[in-house]
Novice: 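One structure follows; several queries about it will come next.
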Amino acid sequence: MLVIQLKVSKDNALIDASYRLSLTEMQIVLYGIGLINPTQPEFPLNYRIDIKKFADMFNRSHGQIYQEVKEAIVKRFWERDFSYLDEKGRTVTLRWLTKMVHEDKSGYIEIKFSEEIQPYLHQLQGNFTTYYIDKIAKFKSIYSVRLYEYSIMYLNKNKMDAGRLPILISEIKNKLGLDNKYNRFCDFKIRVLEKAKNEINESSDIKFDYKIIKLGRSPYKIEFIISRKEKQKHPIDNKNYKHNKISTTALEAAKKLVLSSGTGWDLYVIEQQFYDFIKIKGKPDNLEGAFIGFVNSKIKNKP
DNA sequence: TCGCCACGGTTCGCATGAAC
DNA sequence: GTTCATGCGAACCGTGGCGA
């Protein structure tokens, strides 16, 4: 079975936003985002979801999948929104979709993302996070997806392979849309944190753990302990990795270029893009030179 | 230091409604 | 129709505070 490797790029504000979707709804969003090329000038708001490809991607191949996806969109996703704090500290609430078209038995559903969401998915400038859908495709819990995104965002943003991220319990519950749920911490721990931890460690490219920090006897903060799995640290195949690794000197030079360009781009993301690029084009003789050229070209052609 | 008490967390399990 | 998510009760356990 051929499954296309879709890459998801989201503005960090969207990952940081407070919202709650069911697993199917989140998979629809990710599939749609996966079809977007975040650097292309055009942003086609309409997306055609091929139900068969969707089912293959998320390992949900069975006879009812079209009906399930259709009902998930028509009955629930249509009403869903998400909110975030803008630069003035105001709460902004947006709808995900503005239109959906379905024709039973066609095998396709068309959705249209709202125009307001475009800046969070398209022509992203530096402050965004990228990962492959296949890393989260096996997750059964929506919280695993959200915590995975949050972890990847943290590692990429700080250009780390491992780190610790402390966060208030009230804050993480807010981000997960669980403000008025799981009033007992033990329920939150078992049903959200433990479940996510198991799924992320089992199926994704990162290791995820957490430490509960208490004030007296009451938990008030969680410290997420996140690291990239060894074999996933390098985005190209392991057997060739040592021959293809970009030197620290070249990375430093590229970092200076990015800083002076004022784009605010994440060098880690550019590095990933370069590895993808040479996967297709083949390894250049002068890897460092090609990388610097790649960065220069991106800066020159920035939107 | 020890023992007691109160408070809050943990575990188990069941009920209910939503999602699949 | 089945599975999953959520809420909550009951019993038990661990910890902190306090007095002897």
Side-chain angles (χ1 to χ4, degrees), chain A residues 3 17-32 34 49-82 95-97 100 102-111 133-134 136-150 166-204 208-225:
Chain A
V3 178
S18 170
Y19 64 89
R20 199 159 167 237
L21 298 173
S22 72
L23 187 65
T24 302
E25 290 161 358
M26 181 59 124
Q27 288 171 344
I28 293 165
V29 170
L30 294 177
Y31 185 87
I49 297 175
D50 180 326
I51 300 300
K52 188 171 181 311
K53 283 182 189 165
F54 176 85
D56 287 345
M57 181 167 293
F58 294 105
N59 199 24
R60 298 181 59 170
S61 302
H62 58 81
Q64 298 299 311
I65 187 67
Y66 176 83
Q67 201 61 24
E68 274 185 27
V69 174
K70 190 185 90 179
E71 287 191 12
I73 296 174
V74 175
K75 290 184 181 172
R76 296 176 294 275
F77 192 31
W78 184 250
E79 299 293 325
R80 300 284 197 196
D81 53 34
F82 72 94
R95 281 265 170 98
W96 289 95
L97 300 182
M100 72 158 288
H102 61 91
E103 186 187 350
D104 288 349
K105 295 177 185 171
S106 68
Y108 293 95
I109 292 175
E110 283 181 21
I111 58 173
I133 283 189
D134 73 306
I136 53 94
K138 289 182 184 167
F139 292 172
K140 301 288 177 217
S141 165
I142 182 65
Y143 306 121
S144 305
V145 180
R146 294 295 310 276
L147 290 174
Y148 173 82
E149 286 186 337
Y150 206 68
I167 186 166
L168 290 174
I169 291 169
S170 55
E171 196 181 330
I172 191 67
K173 280 177 76 177
N174 173 265
K175 288 183 195 307
L176 297 175
L178 294 172
D179 279 324
N180 300 312
K181 295 183 184 296
Y182 295 119
N183 293 322
R184 298 196 309 185
F185 180 74
C186 54
D187 287 336
F188 178 69
K189 184 183 162 194
I190 294 292
R191 289 159 177 169
V192 177
L193 298 175
E194 278 297 311
K195 201 165 185 178
K197 177 182 156 182
N198 291 336
E199 288 192 345
I200 291 172
N201 287 335
E202 200 173 304
S203 312
S204 83
F208 179 90
D209 203 352
Y210 62 90
K211 188 178 157 193
I212 297 160
I213 299 163
K214 296 181 177 181
L215 202 61
R217 281 179 294 177
S218 303
Y220 81 110
K221 200 185 249 188
I222 300 171
E223 187 177 56
F224 293 127
I225 304 158

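Quick note on labels: first sequence line is chain A, next is B, and so on, each numbered from 1.
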Novice: Could you tell me the separation between the NZ atom of Lys189(A) and the P atom of dC12(B), rounded to a whole number of Å?
Specialist: 12 Å
Novice: Only counting residues at least two apart or in another chain, list the ones meeting salt bridge (Lys or Arg N to Asp or Glu O under 4.0 Å) with Glu149(A).
Specialist: Lys10(A)
Novice: Using the ring pair (Phe, Tyr, Trp, His ring centres under 6.0 Å) criterion, which residues pair with Phe224(A)? Sequence neighbours excluded.
Specialist: Phe208(A)
Novice: According to a strict under-4.0 Å criterion, is Lys195(A) in side-chain N/O contact with OP1 or OP2 of dA5(C)?
Specialist: yes
Novice: Between dG8(B) atom C1' and Ile169(A) atom CD1, what is the distance in whole Å?
Specialist: 13 Å
Novice: Can you identify which nucleotide, out of dG7(C), dT11(B), dT10(B), has its nearest atom closest to the Phe185(A) side chain?
Specialist: dT10(B)
Novice: Residues two or more places apart in sequence or in another chain: which of them pass salt bridge (Lys or Arg N to Asp or Glu O under 4.0 Å) with Asp187(A)?
Specialist: Arg184(A), Arg191(A)
Novice: Could you state the atom-to-atom distance from CD1 of Ile190(A) to P of dC12(B) in whole Å?
Specialist: 8 Å
Novice: So which protein N/O to nucleotides 9-12 of chain C N/O distances come out below 3.5 Å?
Specialist:
| unit_1 | atom_1 | unit_2 | atom_2 | d |
| --- | --- | --- | --- | --- |
| dG9(C) | N7 | Arg184(A) | NH1 | 3.1 |
| dG9(C) | O6 | Arg184(A) | NH1 | 3.3 |
| dG9(C) | O6 | Arg184(A) | NH2 | 2.6 |
| dA10(C) | N6 | Arg184(A) | NH1 | 3.4 |

Novice: Kindly give the heavy-atom pair with the smallest separation between Leu30(A) and Ile133(A), and that separation in Å.
Specialist: O-CD1, 3.3 Å
Novice: Name all residues meeting the salt bridge (Lys or Arg N to Asp or Glu O under 4.0 Å) criterion together with Glu171(A); count only those two or more places apart in sequence or in a different chain, and write none if there are none.
Specialist: Lys175(A)
Novice: Give Phe188(A) one of three labels, base, sugar-phosphate or nothing, depending on what nucleic acid heavy atoms sit under 4.0 Å from its own.
Specialist: nothing
Novice: Return the value, rounded to whole Å, for the distance between atom CZ of Arg191(A) and atom P of dG13(B).
Specialist: 13 Å
Novice: Sequence neighbours excluded, which residues qualify as side chain to side chain donor-acceptor pair (under 3.5 Å) partners of Lys197(A)?
Specialist: Asp209(A)
Novice: Grab the OH-C1' distance between Tyr143(A) and dA19(B) for me, whole Å please.
Specialist: 12 Å
